[in-house]
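So the structure is just underneath, and the comments pick up after that.
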Amino acid sequence: MKGIGFAYALHMTGTPIIVAEGVSKTFGANQVLTRVSLPVMERDVVCVVGPSGSGKTTLLRCIALLETPSEGRIVMQGQAISTPGQERPVKAAARAVRSDIGMVFQHFNLWPHMSVLENLIEAPLRAKKMPKDQAIAIAERLLAKVDLSDKRDAYPARLSGGQQQRVAIARALAMSPKVLLFDEATSALDPELRREVLLVMRQLAQEGMTMLVVTHEMNFARHVGTRTVFMDRGEIVEEAPGSAFFDSPRTERAQRFLQQFEE
Amino acid sequence: MFKYQFRWDVVSGSADFLLSGFQMTLIISAITLVLAMIAGLIIALLDMSKFQPARWLGIGFGEIIRNTPLLVQLLWVYYVLPIVFGVRIEALAALIIGLSLYQGAFIAEVYRSGIQSVPRGHSEAAQVLGLTPVQNFTRIVLPQAIRMTLPPLASNFVQLIKFSSLGAVISVSEITRRGMELSASTFRPLEIFTFIAVVYFVICWPLAMGIRLWERRLQAR
Ligand SMILES: Nc1ncnc2c1ncn2[C@@H]1O[C@H](COP(=O)(O)OP(=O)(O)OP(=O)(O)O)[C@@H](O)[C@H]1O
Ligand SMILES: [Mg+2]
């Protein structure tokens, strides 16, 4: 245990790419997150697990700047990019790093009125003002990477769920994000389609992509994740490097949570 | 009925008279169509505004217009506005204003439901990818909303053209009014109003069909 703790401490010494600092979030009277602090280091693959309703999605949405924290802040490379007040400099900082944060959603959220290629080049063209031929070249390279070159001109409705999610990952990668957030990217998929998406995610992890992954895929967290974060009722209950969380969960809540995956 | 002697020459003999009414109907419809779409946009924007008084205004106005008869509104604009505000509005202007507002209030609902039918996740994905709110609306939300909007918009257009016939009541010389005048002098309502019904059908039906085809082409993707 000591050895692991030491390695863990070493692992934490880099500069974090993005940090949730004491983030709380309430919706009306409902406190969904309570002072959650989570730094994500470069090349980290942080897996967030926990029961339904524990606030995992809300945490991710705060980091993706889709929700404003009620307390605390989101910091990217030393700069606050989201605070409860959303002051002017914070907003400006957020705009500057907007495309450094990518997100993959549970329900893919591809734009149905655009072809696969158009989905991929839209943000580079509009948000980065990239020349079209360059955007297309990048998109084609990414489509090859997720093994969907033949679907370049198809519309999303014609693709399987697994294919749609791989397109969504490619679309996020097209903006060359520094960190990629996944919110249960495989939960909406049939079991036989999950593998193809998990393979892509695993490949990204191996290439050194910094990832924050909310998932119910315990095998992915155990074998691909560098850190596992266990959330329950809006709090981070336990945090451990890689597979240590699964081999020796310290808290009773985590033990109970893991038991349900044992059958 | 079998003994009835059709006298279609009543129609053909007054072709010019009826044609001028037909032209007026087309002009009224075209102008009103554009104005109603603009009015609808304004009302929809008010409805969805984050500024509460604007929202109340949009919703209140829309509800009143949608829940009172068009004919009463036209009579109101034509007869009441001059009394209350002392402005005498020409019948034609009254018809165009009244009809634009009326159809605009319905079109506003069409716009609103079209925009709200686009899943939030689509614009959240765009937001995370760095599209500005304006780009998000024009590139992601609007193209999808328009598709949802086409069929109800088409039926609104058709309705608008048909409702322009109510102008006859406030003596706007569109085709229905012309028909009323002609039948008063010739006592031949059967031929005249049959002809006029066919004229409306010939304008409205192709319009409805055209939009349906366009819609099908968009859906084929
Ligand atoms: N926009 C919102 N308004 C009100 N309540 C919300 C909102 N978003 C989330 N919540 C509430 O916050 C709590 C946590 O939700 P969240 O989606 O973050 O959980 P989760 O851990 O992602 O759950 P799951 O595993 O089911 O996806 C839930 O009780 C949910 O009802
Ligand atoms: Mg969730």
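Convention: sequence-line order gives letters A, B, ...; per-chain numbering from 1. What you see below is based on every heavy atom in this structure, not just the backbone, and it leaves out hydrogens, waters and symmetry mates.
- Other residues, nucleotides and ligands contribute over 12 non-hydrogen atoms within 6.0 Å of the CD atom of B/Q116.
- By the neighbour-count criterion of 12 heavy atoms within 6.0 Å, atom CD of A/E87 is densely surrounded, having more than that number from other residues, nucleotides or ligands.
- Using non-hydrogen atoms only and a strict 4.5 Å limit, no part of residues 160-169 of chain A faces chain B.
- Among all heavy-atom pairs drawn from B/Q144 and A/H113, the shortest one is CG-ND1, 3.3 Å.
- Between chain A and the options B/P119, B/A126, B/S123, heavy-atom pairs under 4.5 Å are most frequent for B/A126.
- Using a 4.5 Å cut-off between heavy atoms, B/Q135 touches chain A through its side chain atoms alone.
- Put simply, the side chain of A/M103 does not reach to within 4.5 Å of the side chain of B/E124, judged on heavy atoms.
- The 12-atom threshold is not exceeded at CZ of B/F51, counting heavy atoms of other residues, nucleotides or ligands nearer than 6.0 Å.
- The structure places CE of A/M114 at 4.5 Å from CZ of B/R139, a figure rounded to the nearest 0.5 Å.
- For B/W8, the CH2 atom is densely surrounded, since the number of other residues' heavy atoms within 6.0 Å is greater than 12.
- Between A/P112 and B/H122 there is a side-chain heavy-atom pair separated by less than 4.5 Å.
- Here the shortest heavy-atom pairing between B/L129 and A/S99 reads O-CB, 4.5 Å.
- Within the 4.5 angstrom heavy-atom criterion, no atom of A/L181 approaches chain B.
- Residues of residues 117-131 of chain A lying within less than 4.5 angstrom of chain B, judged on heavy atoms, are A/E122, A/A123, A/R126, A/A127, A/K129 in numerical order.
- Counting heavy atoms of neighbouring residues, nucleotides and ligands inside a 6.0 Å radius, atom CZ of B/R55 exceeds 12 of them.
- Of residues 57-71 of chain A, those residues lying under 4.5 Å from chain B by any heavy-atom pair are A/R61, A/A64, A/L65, A/L66.
- Within a 6.0 Å radius of CZ in B/R66, more than 12 heavy atoms belonging to other residues, nucleotides or ligands are found.
- With sequence neighbours excluded, the residues satisfying side chain to side chain donor-acceptor pair (under 3.5 Å) with A/T186 are A/E217.
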